[in-house]
Amino acid sequence: MAEAKIIDGKAFAADLRNKVADQVHQLKENNNVTPGLAVVLVGEDPASKIYVQNKNKMTIEAGMKSFEHKLPADTSQKELLTLIEGLNNDPEVHGILVQLPLPNQINEQDILTKIDPTKDVDGFHIFNAGKLATGSDGLVPCTPLGCIIMIKDQFDGDLSGKQALVIGRSNIVGKPMATLLLRENCTVTIAHSRTVNLQAEAKRADIIVAAVGRAQMVKGDWVKEGAIIIDVGMNRLPKDKEGKSKLCGDVDFDEVKKIAGAITPVPGGVGPMTIACLLQNTVTAACAQNDLEIPKI
Ligand code: GUN
């Protein structure tokens with residue numbers, strides 16, 4: 001059997017970012033609206049710093065306004081809430097993203113529910129989570145949104161009746177991912193740390209989305225021939241002899257690519273699509289706030 005097709009997340013993302021840049025151009029020309037995204041970083045987490053840098057760079061490249069707020073690690077709940085209140089009331093800001101994780105003294109869920117749901121471009125507010133769960137239009141979390149776009153492309157848009165397995169039940173990825181797959185008429189299983197015989201669940205899946213944060217957990221003999229594998233994991237392997245530490249996903253790429261029909265690599269798969277979807281969500285939010293038609297993805 002031929003090896004799996006490698007799903008090129010970078011190419012998908014570049015295509016979506018181009019579409020977003022066109023939409024931004026139209027909004028500026030026709031409606032005098034420039035979408036603006038505020039990104040809030042609390043503390044010095046090195047990975048978060050890089051993510052935030054990339055988000056700001058891509059926001060500007062798409063022709064939008066970027067507002068970067070860097071706060072010290074000892075910022076209090078009250079100080080962060082004051083900043084969010086200011087952003088909620090700022091008409092130039094259409095989207096607000098608070099980079100997670102937050103330091104321990106801050107109650108994450110409380111912060112997320114204080115973001116104006118119409119500006120919640122992460123889609124983490126309970127209002128948007130509820131809209132997704134009940135099938136009405138709202139802001140959808142960026143990583144699952146990027147995944148469903150790439151999955152649909154593998155099946156020419158029709159996922160009806162496919163067996164889908166989501167490994168991981170986080171509010172950020174697993175739960176919204178399962179809902180999006182259900183919305184496309186998949187038969188969805190959500191697996192987690194207490195699942196009995198995960199391998200057997202994986203073996204019957206046409207689509208697997210792995211989002212558990214365990215390096216190379218999904219092995220070649222777990223996977224049905226021809227299945228579509230989406231790897232959301234971003235793990236660092238222990239340093240090698242030269243002192244370098246490689247990034248890897250939740251899927252054992254070298255094994256699984258011999259069996260699967262298509263697979264996302266790490267890096268270069270889901271990651272770039274997450275940022276592109278954040279930009280798309282910012283345009284969606286800007287349109288909704290100005291009573292303009294929301295562009296179709
Ligand atoms: N940290 C890791 N992923 C994400 C994300 O999608 N959004 C935010 N705000 N923080 C994150």
Side-chain angles (χ1 to χ4, degrees), residues 9 13 16-17 36-59 66-71 73 75 80-81 83-84 87-88 93-104 106-117 119-129 132 138-150 166 168-180 209-214 230-236 247 249-250 264 266-267 269-282 284-285:
L16 184 54
R17 286 201 309 272
L37 172 65
V39 177
V40 181
L41 174 65
V42 186
E44 303 285 332
D45 180 66
S48 291
K49 271 182 165 173
I50 293 170
Y51 292 143
V52 165
Q53 243 171 36
N54 285 339
K55 285 169 187 172
N56 285 324
K57 179 170 165 270
M58 304 258 171
T59 304
S66 168
F67 305 92
E68 203 177 329
H69 294 270
K70 288 187 182 159
L71 304 180
T75 299
L80 183 53
L81 284 175
L83 172 63
I84 288 170
L87 298 173
N88 281 345
V93 172
H94 302 96
I96 302 170
L97 178 143
V98 177
Q99 185 67 30
L100 305 178
L102 287 165
N104 287 338
I106 294 179
N107 179 329
E108 209 161 272
Q109 200 52 42
D110 185 43
I111 295 296
L112 296 179
T113 54
K114 294 291 175 7
I115 295 172
D116 178 342
K119 297 191 177 187
D120 168 39
V121 284
D122 256 328
F124 295 164
H125 193 288
I126 47 172
F127 187 73
N128 284 314
L132 180 61
L139 289 159
V140 176
C142 305
T143 298
L145 184 56
C147 293
I148 200 80
I149 292 171
M150 292 192 286
V166 180
R169 55 175 157 179
S170 71
N171 291 336
I172 297 182
V173 184
K175 284 182 208 157
M177 187 73 247
T179 308
L180 288 172
V209 180
V212 267
R214 287 184 59 183
I230 306 293
D231 191 350
V232 182
M234 183 66 83
N235 312 290
R236 249 185 210 288
L247 274 180
D250 293 346
T264 59
V266 176
V270 172
M273 268 307 264
T274 296
I275 300 189
C277 288
L278 172 67
L279 304 180
Q280 180 70 69
N281 275 354
T282 306
T284 300

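Both ligands and their constituent atoms are indexed starting at 1 by order of listing.
Per-atom contact check: atom 3 (N) of ligand 1 does not touch the protein, criterion being a heavy-atom distance below 4.0 Å.
The nearest heavy-atom contact from the protein to atom 9 (N) of ligand 1 is Asp122 OD2, 2.6 Å. Scanning the protein heavy atoms around atom 11 (C) of ligand 1, the nearest turns out to be Gln99 NE2, 3.5 Å. Of the protein's non-hydrogen atoms, Leu100 O, 2.9 Å is the one closest to atom 1 (N) of ligand 1.
Under a 4.0 Å criterion applied to the non-hydrogen atoms of Val98, ligand 1 contributes the atoms 8 (C), 9 (N).
Remark: the Asn56 side chain and the Ser66 side chain contain an N/O donor-acceptor pair separated by less than 3.5 Å.
Legend: residues meeting side-chain contact (heavy atoms from CB on, under 4.5 Å) with Glu44, ordered by chain and number and at least two apart, are Lys49. Legend: residues meeting side-chain contact (heavy atoms from CB on, under 4.5 Å) with Thr179, ordered by chain and number and at least two apart, are Leu132.
Counting heavy atoms from C-beta outward, Asp110 and Leu81 have side chains that approach closer than 4.5 Å. Counting heavy atoms from C-beta outward, Leu102 and Leu80 have side chains that approach closer than 4.5 Å.
Neither the backbone nor the side chain of Tyr51 comes within 4.0 Å of ligand 1, counting heavy atoms alone.
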